[in-house]
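Worksheet: one structure, shown below.
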Amino acid sequence: MDSPPSGPVAPAAVPPRPPGETVVPRDLDVFFAANRARIERELFEFLRIPSVSARPEHSADTARAAEWVAGALRTVGLQAELVQTPGHPIVLGEWRGAGPDRPTLLIYGHYDVQPAEPLELWTSPAFEPTVRDGKVFARGAVDDKGQVFLHIKALEAHLRVRGRLPVNIIMLIEGEEEVGSTHLGDFVRANTDRLRCDAVIISDSSMFAPGIPSILSSLRGLTYLEITVDGPAHDLHSGMYGGGVINPATALAHMLTTLHDDAGHVAIPGFYDAVRPWSPDVLDRMRELPFQEEVFRAETGAPALGGEAGYTTLERIWTRPTCEINGLLSGYTGEGAKTVLPARAMAKVSCRLVPDQDPHTIERLIEEHLARVARPGVRVTVKHLHGGRPWRADLEGPIFDAARRALAAAFRRETVIMGEGGSIPVVADFVDALAVPVLLMGFGLPGENAHAPDEWMSVENFELGMRAVATLFDLV
Ligand code: BES
Ligand code: ZN
C-alpha cells in the first residue's frame, strides 16, 4: 500500500453552516480530501481479490483477502491477527490506546463476497473495479468490502492526523457472512472478555434513499433448506412409464404450492406462532417514510408488486416473515423437447424470519409440513443449509444519539430509522453474548445490485460514510 502524502493540502470547500450544528471535524475532512486518490487505489486493490466464500476454488483468494485486511489494519496502526476457524479466517484488529475510561467500539464487517456468476451479465468484470456515473462497480463494492474499508480509513484519519483515537477499537472482520457465519457465533461466545465493548457498529446495509442517512431498527432472520424429491432410480421414458409412476417434479410442485394460501400467507401450521407484534410507534414511523411504490417496482423490473394480503410493501419486507423458493431443478431444461419423466426434483427454499421466530423451530415445522403433504410414491429429504436469528433494536442510548449527529454532519440531512428485510446472522449473537446495543448504519443505496451482476457502491456515499464514521468516533 502507498504511504499517505505529507505536506500542506487544500481544505475542501464547505458551505457555511448554522452555529451549533455538528460538523465533520475540519482536520479529518481535509485528510480525506487530500488522500482521495490513494484511498480509491487501495479500495480497488481489495476489490480485485475474488474472496468468494462459497467456492472452495477461491479459498486461497479468501485467505488472501483476510491477510489484506489484517495488513490494512496494521498499516493504519492497529494490532491485527488472523484467527483460523474450520472455515475462513476471522480478522481481529485492536487499538486500545484511548484507555479504560473511554468507550470501546466493536466494528464488525465481512471481507467475503457472493459468487459473481452469471459473469456475462456484468458490464465490466466483477473483480476489475471500474467507476462509471459516480459508482464503483465490482463484486463486494458495497457488500461489504467498500463499507468495511471506509471504517478502516476513518480510523486512519484519526491516527494519522491526531496520532490517536478518542475511543478504543476492536475490528472483527469475518470471511463467512455470505455463507451463514458458520463459525462466528462460537467465536463470539468463546471470547466475550476480549470482545467486551460498549457498542457494536456495523455498515453492511443500505440507506433508505439517496441523501437520506439511515439507522436500522430490525433485521430479518433466515432458515435455508434444500428439498430433494426422489422417484424412480433413473429417468424414464414419459410415454412408456408416464402415468404409472409418480413424477418427482409434479410431487415437488404440489408440495411447494402448499407453502402459501391464496392470500399470500405462509400456510405451514405454526409458522406465525412466535411472531411478536410490532409497536404502533414503529409502524407509524414506517408510514412516514417517503416510500414510492412505483419507484420500488421499477427498481425490481417486475410487472407489479405483490405479497401477503393486508400489509403494505414496506411492512411485508421489514415486518413480516416469508417463505420463498430460491431455486428449482428437475428434468429436461435444454433446448427443444425431450419426453422424459425425471428421477429427481430439487428446490432451495428459504424463510425470512421476524422476532421471535426461531430458525430451528421453523425448520422443524417445515419438515413436518412437508412430510404431511408429500404424496406416496416419492422419497423426500430435507437438508438444512444455514440460518440466523432475527433482530429488533430499541435504539436507546448514547451510541444512537452520536450516530444521528455524525450522520447529519456528513450528509447534512436528518437520519431516518428504517427496517430491513435482509439478514446478518451474527447480530443476534452479539446482543446475547455481549449484551450491548448494535448500531447498523449502512451506506449502500437502493438498486445497488448486491448479490447480482453490476453490484456498485456510490462514490459519494463512500466519501460521506468515511466522514460520518470518523465524526462518530469524536462524538461517543
Ligand atoms: N449485507 C447483507 C445483509 C443485508 C442485505 C443488509 C440487504 C441490508 C440489506 C449480507 O451480506 C447478506 O447478504 N446476508 C445474507 C445472510 C445469509 C447468507 C445468511 C442475506 O441476507 O441473504
Ligand atoms: Zn451479502
Spatial distance of atom [atom1] ([X]) from atom [atom2] ([Y]) [nearest 0.5 Å]:
| X | Y | atom1 | atom2 | result |
| --- | --- | --- | --- | --- |
| E40 | N35 | CD | CG | 13.0 Å |
| D27 | R160 | CG | CZ | 14.5 Å |
| N449 | K135 | CG | NZ | 8.0 Å |
| C323 | L259 | SG | CG | 4.5 Å |
| I107 | I173 | CD1 | CD1 | 7.5 Å |
| Q147 | N461 | CD | CG | 8.5 Å |

Backbone N/O of [Y] and side chain of [X]: donor-acceptor pair under 3.5 Å:
| X | Y | value |
| --- | --- | --- |
| E455 | D143 | yes |
| D61 | I49 | no |
| R297 | A302 | yes |
| D204 | H110 | no |
| E460 | G134 | no |
| T319 | I317 | no |
| S423 | P425 | no |
| R74 | A80 | yes |
| N191 | F187 | yes |
| S214 | F208 | yes |

TODO: Using the six-membered ring of F137, assess whether NZ or CZ of R132 lies under 6.0 Å from its centre and within 45 degrees of the ring axis.
DONE: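 Judged by the rule (NZ or CZ under 6.0 Å from the ring centre, within 45° of its axis), R132 counts as positioned above F137.
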
Open item on the list: Taking the cut-offs as 6.0 angstrom to the six-membered ring centre and 45 degrees off its axis, would you call R164 and W95 a cation-pi pair?
Closed with: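 No, a cation-pi geometry is absent between R164 and W95.
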
Is any side-chain heavy atom of [Y] closer than 4.5 Å to one of [X]?
| X | Y | result |
| --- | --- | --- |
| L82 | E67 | yes |
| I417 | L289 | no |
| F44 | V131 | yes |
| I152 | M171 | yes |
| L216 | M441 | no |
| L445 | S206 | no |
| L252 | I227 | yes |
| W318 | W278 | no |

No-hydrogen, no-angle side-chain donor-acceptor test under 3.5 Å, [X] and [Y]:
| X | Y | value |
| --- | --- | --- |
| H151 | S203 | yes |
| S181 | E174 | yes |
| H88 | D112 | no |
| H384 | E363 | yes |

Task: Worked check of salt bridge (Lys or Arg N to Asp or Glu O under 4.0 Å) between E315 and R287 - done: CA-CA 9 Å; E315 286 167 353; R287 279 182 211 112; 3.2 Å; yes

Open item on the list: Centre-to-centre under 6.0 Å for F430 and Y108, is that the case here?
Closed with: yes

Open item on the list: Could you check whether H158 and F473 have their ring centres less than 6.0 Å apart?
Closed with: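 So the answer is yes for these two rings.
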
- [ ] Would you please classify the geometry between the F46 ring and the W68 ring as parallel, tilted or perpendicular, with 30° and 60° separating the classes?
- [x] parallel

Counting only heavy atoms from other residues, nucleotides and ligands, does the tally under 6.0 Å from [atom1] of [X] exceed 12?
| X | atom1 | value |
| --- | --- | --- |
| E57 | CD | yes |
| Q79 | CD | no |
| D284 | CG | yes |
| R36 | CZ | no |
| E120 | CD | yes |

Task: E308: which of H260, R320, R316 passes side chain to side chain donor-acceptor pair (under 3.5 Å) - done: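 Passing option: R320.
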
Whether [Y] and [X] form a salt bridge (side-chain N of Lys/Arg under 4.0 Å from carboxylate O of Asp/Glu) is what I want to check.
| X | Y | result |
| --- | --- | --- |
| R55 | E117 | yes |
| D29 | R26 | no |
| E42 | K153 | yes |
| R194 | E81 | yes |
| R389 | D356 | no |
| D474 | R162 | yes |

If every non-hydrogen atom of [X] is compared with every non-hydrogen atom of [Y], which pair is closest and at what distance?
| X | Y | result |
| --- | --- | --- |
| A65 | S51 | CB-CB, 3.6 Å |
| I169 | L155 | CG1-CD2, 3.7 Å |
| A116 | F127 | CB-CE1, 3.9 Å |
| P290 | I212 | CG-CD1, 4.3 Å |
| L150 | F462 | CB-CE1, 3.7 Å |
| P89 | Y111 | O-OH, 2.6 Å |

Task: Check against side chain to side chain contact (heavy atoms under 4.5 Å, CB included), L195 and L434 - done: CA-CA 8 Å; L195 301 179; L434 305 176; 4.0 Å; yes

TODO: List the steps and the verdict of side chain to side chain contact (heavy atoms under 4.5 Å, CB included) for N326 and Y224.
DONE: CA-CA 9 Å; N326 297 126; Y224 201 124; 3.4 Å; yes

Open item on the list: Please determine whether side chain to side chain contact (heavy atoms under 4.5 Å, CB included) holds for the pair V200 and L440, giving the CA-CA distance in whole Å, both sets of side-chain angles, and the decisive distance to 0.1 Å.
Closed with: CA-CA 8 Å; V200 173; L440 278 131; over 6 Å; no

TODO: Could you go through the side chain to side chain contact (heavy atoms under 4.5 Å, CB included) check for D198 and V167 one step at a time?
DONE: CA-CA 10 Å; D198 297 282; V167 287; over 6 Å; no

